[in-house]
Amino acid sequence: QVQLVESGGGLVQPGGSLRLSCAASGSIFSIGAMGWYRQAPGKQRELVAGITSGGSTIYADSSKGRFTIVRDNAKNTVYLQMNNLKYEDTAVYYCNAYIGWGTPDSYWGQGTQVTVSS
């Protein structure tokens with residue numbers, strides 16, 4: 001049994017910051033790539049940032065220069081530091097991770113709400 005639990009979401013003013021956390025627990029053997037996605041009402045889920053097991057990162061254009069993704073392998077945790085938040089960042093943010101030995105399975109967290117409002 002594998003679970004991904006996100007935390008750190010909430011209400012923030014434009015220009016503010018939040019740090020999201022995603023901790024994997026359960027039968028963890030090997031964690032590959034991890035990432036953060038978001039989905040706003042009526043829109044498709046989109047990649048925000050991703051990080052490989054080796055630490056290589058990828059960011060959506062809208063995230064570059066504002067967001068930073070890091071991982072702590074000792075804690076089976078990935079973080080998303082979000083700075084200079086904008087109204088358009090409002091969405092449910094989901095953690096994703098590939099976990100397994102040979103052919104990893106993809107797991108999703110339950111999501112955490114981020115609302116940017118004045």
Side-chain angles (χ1 to χ4, degrees):
Q1 186 78 10
V2 176
Q3 288 185 320
L4 301 179
V5 180
E6 302 102 329
S7 62
L11 177 65
V12 64
Q13 295 182 339
S17 299
L18 285 174
R19 189 181 74 162
L20 305 183
S21 300
C22 172
S25 63
S27 185
I28 307 299
F29 300 102
S30 179
I31 303 179
M34 306 182 79
W36 287 96
Y37 294 73
R38 69 186 182 189
Q39 187 168 25
K43 296 186 177 181
Q44 298 289 321
R45 185 173 299 185
E46 63 179 2
L47 174 70
V48 178
I51 185 168
T52 68
S53 60
S56 298
T57 58
I58 185 172
Y59 295 92
D61 288 339
S62 61
S63 302
K64 294 179 180 177
R66 299 190 300 126
F67 296 178
T68 303
I69 185 170
V70 297
R71 63 190 291 165
D72 186 338
N73 291 328
K75 296 181 178 180
N76 295 325
T77 300
V78 63
Y79 305 91
L80 182 68
Q81 178 66 47
M82 303 187 293
N83 299 322
N84 191 25
L85 285 161
K86 304 175 180 180
Y87 292 117
E88 64 188 60
D89 295 319
T90 296
V92 177
Y93 285 70
Y94 297 91
C95 176
N96 173 258
Y98 285 87
I99 302 175
W101 290 106
T103 303
D105 295 320
S106 179
Y107 294 88
W108 291 92
Q110 82 288 349
T112 184
Q113 177 72 48
V114 172
T115 302
V116 183
S117 176
S118 60

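Quick caveat, the model's predicted, so the values are computed rather than measured.
Sorted by first then second residue, the disulfide bond (SG atoms under 2.5 Å apart) pairs that include residues 45-118, not counting sequence neighbours, are Cys22-Cys95. Applying the disulfide bond (SG atoms under 2.5 Å apart) test to pairs two or more places apart or on separate chains, none has a residue in residues 30-70. The salt bridge (charged side-chain N to carboxylate O under 4.0 Å, His left out) pairs that include a residue from residues 26-36 number zero, where partners must be two or more places apart or lie in different chains. Listed by first and then second residue, the ring pair (Phe, Tyr, Trp, His ring centres under 6.0 Å) pairs that reach into residues 17-72 are Phe29-Trp101, Tyr37-Trp108, sequence neighbours excluded. Contacts classified as salt bridge (charged side-chain N to carboxylate O under 4.0 Å, His left out) and involving residues 86-100 (residues at least two apart or in different chains) are given here: Arg38-Asp89, Arg66-Asp89. Within the structure, no pair that satisfies the salt bridge (charged side-chain N to carboxylate O under 4.0 Å, His left out) test touches residues 106-118, not counting sequence neighbours. Among residues at least two apart or in separate chains, there is no disulfide bond (SG atoms under 2.5 Å apart) pair with a member in residues 25-93. Residues in residues 33-82 take part in no disulfide bond (SG atoms under 2.5 Å apart) pair, two or more places apart or across chains.
For the residue pair Leu85 and Leu18, the shortest heavy atom distance occurs at CD1-N, 4.0 Å. Here the shortest heavy-atom pairing between Met82 and Val114 reads CE-CG2, 3.9 Å. Minimum interatomic distance between Ala40 and Ala91 (heavy atoms only, all atoms of both residues): N-CB, 3.9 Å. The minimum heavy-atom distance between Gln113 and Val92, with the atom names listed, is OE1-CG2, 3.2 Å.
Note that CG of Leu47 and OG of Ser63 are 7.5 Å apart. Values are rounded to the nearest 0.5 Å. Atoms CD and CD1, on Gln1 and Ile28 in that order, are 10.0 Å from each other to the nearest 0.5 Å. Atoms OG1 and CG, on Thr112 and Leu20 in that order, are 6.0 Å from each other to the nearest 0.5 Å. To the nearest 0.5 Å, the span separating CE on Met34 from OH on Tyr98 amounts to 12.5 Å. Rounded to the nearest 0.5 angstrom, Arg45 CZ and Asn96 CG are separated by 8.5 Å.
For the pair Arg71 and Tyr79, the cation does not sit on the ring face, since its NZ or CZ is not both under 6.0 Å from the ring centre and inside 45° of the axis.
Applying the 6.0 Å contact sphere to CD of Glu46 captures more than 12 heavy atoms from other residues, nucleotides or ligands.
You'll find the side chain of Val70 reaches within 4.5 Å of the side chain of Thr68, heavy atoms only. Looking at Glu6 and Tyr93, their side chains never come closer than 4.5 Å, going by heavy atoms from C-beta outward. Residues Ser53 and Ile31 are not in side-chain contact: their nearest non-hydrogen atoms beyond the backbone lie 4.5 Å or more apart.
When the ring pair (Phe, Tyr, Trp, His ring centres under 6.0 Å) test is applied to Tyr87, no partner is found at least two apart in sequence or on another chain. For Asp61, the salt bridge (Lys or Arg N to Asp or Glu O under 4.0 Å) partners are Lys64, not counting sequence neighbours. Qualifying salt bridge (Lys or Arg N to Asp or Glu O under 4.0 Å) partners for Arg19, counting only residues two or more places apart in sequence or in other chains: none.
Tracing side-chain contacts under 4.5 Å through hydrophobic residues (I, L, V, M, F, W, Y), one reaches Ile51 starting from Val48; they form part of the same cluster.
No donor-acceptor contact under 3.5 angstrom links the side chains of Ser25 and Asn76, judged on distance only.
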Identify each donor-acceptor pair in which a side-chain atom of residues 7-17 lies under 3.5 Å from a protein atom, sequence neighbours left out, and give them as a table.
residue, atom, partner, partner atom, Å
Ser17, OG, Asn83, OD1, 2.9

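Using modelled atom types, no side-chain atom of Thr115 and backbone atom of Thr90 make a donor-acceptor pair closer than 3.5 Å.
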